[in-house]
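Report on the structure given below.
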Amino acid sequence: MSTRVPGARAPYTLGVIVKYGGNAMKSLELRRAVAAEIAALRAEVPVVVVHGGGPVIERELAARGVTSEFRGGLRVTTPAAMDVVEMALCQLNKQLSQDVGGAVGLMGRDSDLLRAELLDPELGRVGRVTGVNADLLRTLLGAGITPVLGCVAVSPDGDALNVNADTVAGAVAGALNDGVVFLTDVDGVYRAYPDPDSRAATLTRAEVEGGVAQGWIAGGMIPKVRAALDALDRGAPFAVIASGMQAGVLAAAARGEAGTRITP
Ligand SMILES: Nc1ncnc2c1ncn2[C@@H]1O[C@H](COP(=O)(O)OP(=O)(O)O)[C@@H](O)[C@H]1O
Ligand SMILES: CC(=O)N[C@@H](CCC(=O)OP(=O)(O)O)C(=O)O
């Protein structure tokens, strides 16, 4: 975390992937507050933003009368739903890029930035990440530009695939060997959800797996802890789950002073 953003085109060694999604962008005010936190962190370290947007997707699906259900935390994505997911996230991507400033908004289709293959035919057009164009991200970071990546990947046939945004953030952190902070609406993983006093400062892999098996890690927290472990497996130096609802938390989480740090 001591590495400064170098000048244009200079190499960098350590950055932070910041994931935020539906819960940390429930209002325009909150969305912009998170963007301001990201812009402040970027003055210290290179930052790549990965975003979801579950509520925006829900709203656009409902407006079109397209139904979808979740299985194991993942949206079963029909071709019709895929069109809506991609359209909604593309628009959001440009808005977030504008919010952050000095940024370029990209999706998986751009220069094969995010490649995936079908995860499970029963889930429809849901992807399993197979590759990240890390060179493109490094080039942008080296030029002082913040990449903002939406969670739609491209298949070997050139079709869009829907990937959970936490999963994408973990894969990008692994590909760049950068740390990752997952911002959400709780200030970490609670041992006795929803009691905020039960927040774990750190959780080992064994504790995470126990928590999922015992059910005290549930719902949308499951893809986050799994993505954190995946990022660590792929070489990320740290993975933290923290609140996107309070000012100053992002920088503190990246220093290991807030949220729940997942350890190998
Ligand atoms: N042990 C836990 N500690 C904290 N939150 C948990 C836990 N288990 C389940 N959750 C749920 O996970 C949610 C965060 O996941 P999610 O709603 O998918 O967030 P996001 O939209 O930010 O990706 C929390 O709001 C909470 O409802
Ligand atoms: C496969 C799958 O479930 N994809 C997610 C992608 C968006 C996402 O992950 O958004 P949040 O970060 O706001 O949850 C979905 O369709 O909702």
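If you're wondering where the values come from, they're calculated on a predicted model, not measured in any experiment. Whatever order the structure lists ligands and atoms in, that order sets their numbers, starting from 1.
- For ligand 2, the polar-atom distance check finds no N/O of Val126 at less than 3.5 Å from any of the ligand's N/O atoms.
- Of the N or O atoms in Ala218, one or more lie within a sub-3.5 Å distance of an N or O in ligand 1.
- Looking from atom 23 (O) of ligand 1 to the surrounding protein, the closest heavy atom is Lys224 NZ, 2.5 Å.
- An N or O contact shorter than 3.5 Å is missing between Cys151 and ligand 2 by distance.
- Between Arg234 and Asp230, at least one side-chain nitrogen of the basic residue sits less than 4.0 Å from a carboxylate oxygen of the acidic one, meeting the salt-bridge criterion.
- Looking only at protein heavy atoms, the nearest one to atom 25 (O) of ligand 1 is Asp185 OD1, 2.7 Å.
- Comparing Gly219, Gly220, Gly53 against atom 18 (O) of ligand 1, the shortest heavy-atom distance belongs to Gly220.
- Nearest protein neighbour of atom 1 (N) of ligand 1, counting heavy atoms only, is Trp216 O, 2.7 Å.
- In the vicinity of Gly22, heavy-atom distances shorter than 4.0 Å reach the ligand 2 atoms 11 (P), 13 (O).
- Checked against a 3.5 angstrom limit, the closest N/O atoms of Ile57 and ligand 2 fall outside it.
- Checked against a 3.5 angstrom limit, the closest N/O atoms of Lys19 and ligand 2 fall inside it.
- At under 3.5 Å, a nitrogen or oxygen of Arg75, whether backbone or side chain, sits near a nitrogen or oxygen of ligand 2.
- If you look at Lys19 next to ligand 1, the close heavy atoms, those under 4.0 Å, all belong to the side chain.
- Some N or O of Asn162 is nearer than 3.5 Å to an N or O of ligand 2, by distance alone.
- The shortest contact between atom 3 (N) of ligand 1 and any protein heavy atom is with Tyr190 N, 2.9 Å.
- Among all protein heavy atoms, the one lying closest to atom 16 (P) of ligand 1 is Asn23 ND2, 3.5 Å.
- Residue contacts with ligand 1: Thr184 is placed with a nitrogen or oxygen under 3.5 Å of a nitrogen or oxygen of the ligand (distance criterion only).
- Close approach of ligand 2 to Val163 is summarised as follows: ligand atoms under 4.0 Å from at least one heavy atom of the residue are 4 (N), 6 (C).
- At under 3.5 Å, a nitrogen or oxygen of Ala165, whether backbone or side chain, sits near a nitrogen or oxygen of ligand 2.
- Among protein heavy atoms, atom 6 (C) of ligand 1 sits closest to Tyr193 CD1, 3.6 Å.
- The atoms of ligand 2 that sit less than 4.0 Å from any heavy atom of Gly21 are 12 (O), 13 (O).
- The proximity of His51 to ligand 2, defined as any non-hydrogen pair under 4.0 Å, does not occur for either the backbone or the side chain.
- Under a 4.0 Å heavy-atom criterion, Gly188 is in contact with ligand 1.
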